[in-house]
Amino acid sequence: MISLFNSVNEFTEYRNSLATDSIGLVPTMGNLHDGHLSLIKKSISENQYTIVTIFVNPLQFGPNEDFDKYPRTLTADVEKIKSLKIEGKEIIVLAPSSVNEIFPKNFKTTISVKDLTNTLCGASRPDHFDGVTTIVYRLFALAKASKSYFGQKDYQQVLVIRRMVEDLLIPTEVIALPINREESGLARSSRNQFLSESGRVEALELSGTILKISRLLKEKSFQEAGIEINDILEVVLRDQRWDYLEVLDAENLEAVNINTQQVVIAGALKIEETRLIDNHLTKISYAR
Ligand code: PAF
């Protein structure tokens with residue numbers, strides 16, 4: 001069964017009538033693709049109720065970003081959810097009809113996670129993560145779900161949300177699922193639809209470069225691979241299309257050091273006005 005709420009008050013009344021802890025939350029901005037659907041399927045498999053939120057959150061877009069252009073496809077999204085095997089479980093879709101539904105006019109609070117948000121996407125999108133944590137906190141408060149599901153494509157977002165959950169004692173388990181990819185290797189994203197045929201091919205440079213670094217780190221120690229990796233990073237630094245490409249400690253997004261066991265190789269590349277992100281986790285050996 002699926003129920004759809006556009007009113008936050010009506011949603012809250014319904015949520016509070018459910019006397020169970022078996023509730024999973026999948027926060028999304030809609031325009032659902034197979035990546036989102038894999039999160040929803042996982043939640044269905046683990047919970048009696050799955051709350052899917054669909055809301056394009058203005059707080060996480062910068063002034064010159066694609067908030068207006070971001071695809072809004074609620075009818076198609078609901079159809080996609082309906083096509084899933086729900087089997088005795090229930091899906092509750094919360095798609096607030098306006099920004100004021102979710103952020104009332106007198107809303108004055110910002111949730112901000114320090115340090116983790118200074119690097120990667122946070123460096124070039126200064127208020128982005130404050131926007132993400134503020135909406136996600138509010139969605140956690142509305143859904144009161146024991147489990148919450150996020151995609152690993154937004155690796156930094158997952159770390160920032162985990163930090164907030166731990167720091168603010170939010171009673172939800174954050175579950176991150178692996179990146180869902182197209183056959184070509186391109187990470188699925190609602191923004192991929194803005195790419196032309198040739199843009200989609202050009203975009204493979206993102207996953208290709210990340211994987212090249214990952215392979216080097218699997219073959220050699222971090223120090224031995226360093227020279228070749230630096231050569232790759234130098235080329236990227238000179239290329240205006242790349243916003244960043246970095247190899248950081250996967251646990252805290254700090255520089256790799258003697259205690260680092262796993263790195264995240266993360267990149268952001270702009271193709272035809274569309275900014276794409278991707279990452280790959282790799283265990284490393286660090287020669288002492
Ligand atoms: O990952 C997203 O789609 C968004 O950042 C989220 C978590 C739904 C918050 O708006």
Side-chain angles (χ1 to χ4, degrees), residues 5 8 11 24-40 42-43 50-62 65-74 76-77 80-81 91-103 107 109-113 116-117 120-122 124-143 145 147-165 168 170 172-180 187-194 266 268 274-279:
F5 292 92
V8 168
F11 166 82
L25 169 67
V26 185
T28 80
M29 297 206 297
N31 195 244
L32 304 182
H33 51 64
D34 284 356
H36 298 113
L37 297 180
S38 70
L39 302 180
I40 299 172
K42 182 76 174 162
S43 175
T50 292
I51 298 172
V52 180
T53 62
I54 298 182
F55 177 63
V56 184
N57 169 33
L59 300 190
Q60 69 189 76
F61 288 80
E65 294 182 356
D66 55 356
F67 174 70
D68 290 332
K69 178 171 145 194
Y70 200 87
R72 288 153 173 90
T73 52
L74 181 59
D77 290 345
K80 282 183 190 162
I81 296 173
I91 302 200
I92 303 159
V93 179
L94 170 62
S97 55
S98 70
V99 174
N100 286 346
E101 269 297 318
I102 203 111
F103 294 118
F107 189 85
T109 303
T110 299
I111 308 272
S112 192
V113 172
L116 276 175
T117 54
L120 304 179
C121 287
S124 49
R125 304 183 73 192
D127 297 322
H128 170 68
F129 286 111
D130 285 2
V132 170
T133 39
T134 303
I135 181 66
V136 171
Y137 183 90
R138 205 152 163 86
L139 297 175
F140 282 158
L142 286 167
K147 294 182 179 172
S148 304
Y149 300 82
F150 295 87
Q152 197 118 289
K153 182 169 75 71
D154 298 289
Y155 185 78
Q156 187 175 16
Q157 168 171 283
V158 172
L159 287 195
V160 168
I161 290 171
R162 282 194 201 284
R163 185 77 263 146
M164 170 179 77
V165 162
L168 300 181
I170 300 168
T172 193
E173 180 190 348
V174 174
I175 295 162
L177 295 193
I179 300 180
N180 196 292
R188 283 191 208 279
S189 160
S190 299
R191 291 183 170 103
N192 289 354
Q193 64 193 270
F194 299 135
T274 299
R275 186 176 174 282
L276 304 168
I277 59 169
D278 198 351
N279 68 77

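Numbering of ligands and ligand atoms starts at 1, following listing order.
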Using a 3.5 Å distance criterion without hydrogens, assess whether the side chain of R162 forms a donor-acceptor pair with backbone atoms of V174.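 Such a contact is found between R162 side chain and V174 backbone.
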Keeping Q156 on the side-chain end and L116 on the backbone end, is there a donor-acceptor pair under 3.5 Å?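 It does hold such a pair.
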Using only heavy-atom distances, determine whether the side chains of T134 and T110 contain a donor-acceptor pair under 3.5 Å.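 On atom types as modelled, these side chains do not qualify, holding no pair under 3.5 Å.
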Are the charged groups of E65 and R125 less than 4.0 angstrom apart, N to O?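 Salt bridge: yes.
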Lys/Arg-Asp/Glu bridge criterion (N-O < 4.0 Å) met for R191, D66: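 Looking at D66 together with R191, the answer is yes, because their closest N to O distance falls below 4.0 Å.
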Could you tell me if the side chain of I102 sits less than 4.5 Å from the side chain of L139, heavy atoms only?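 The answer is yes, as the side chains (C-beta and beyond) meet within the 4.5 Å cut-off.
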N or O contacts of ligand 1 with protein under 3.5 Å, please list pair by pair.
unit_1: ligand 1; atom_1: 1 (O); unit_2: Q157; atom_2: NE2; d: 2.8
unit_1: ligand 1; atom_1: 5 (O); unit_2: Q60; atom_2: NE2; d: 2.9
unit_1: ligand 1; atom_1: 5 (O); unit_2: Q157; atom_2: OE1; d: 2.8
unit_1: ligand 1; atom_1: 10 (O); unit_2: Q60; atom_2: OE1; d: 2.6

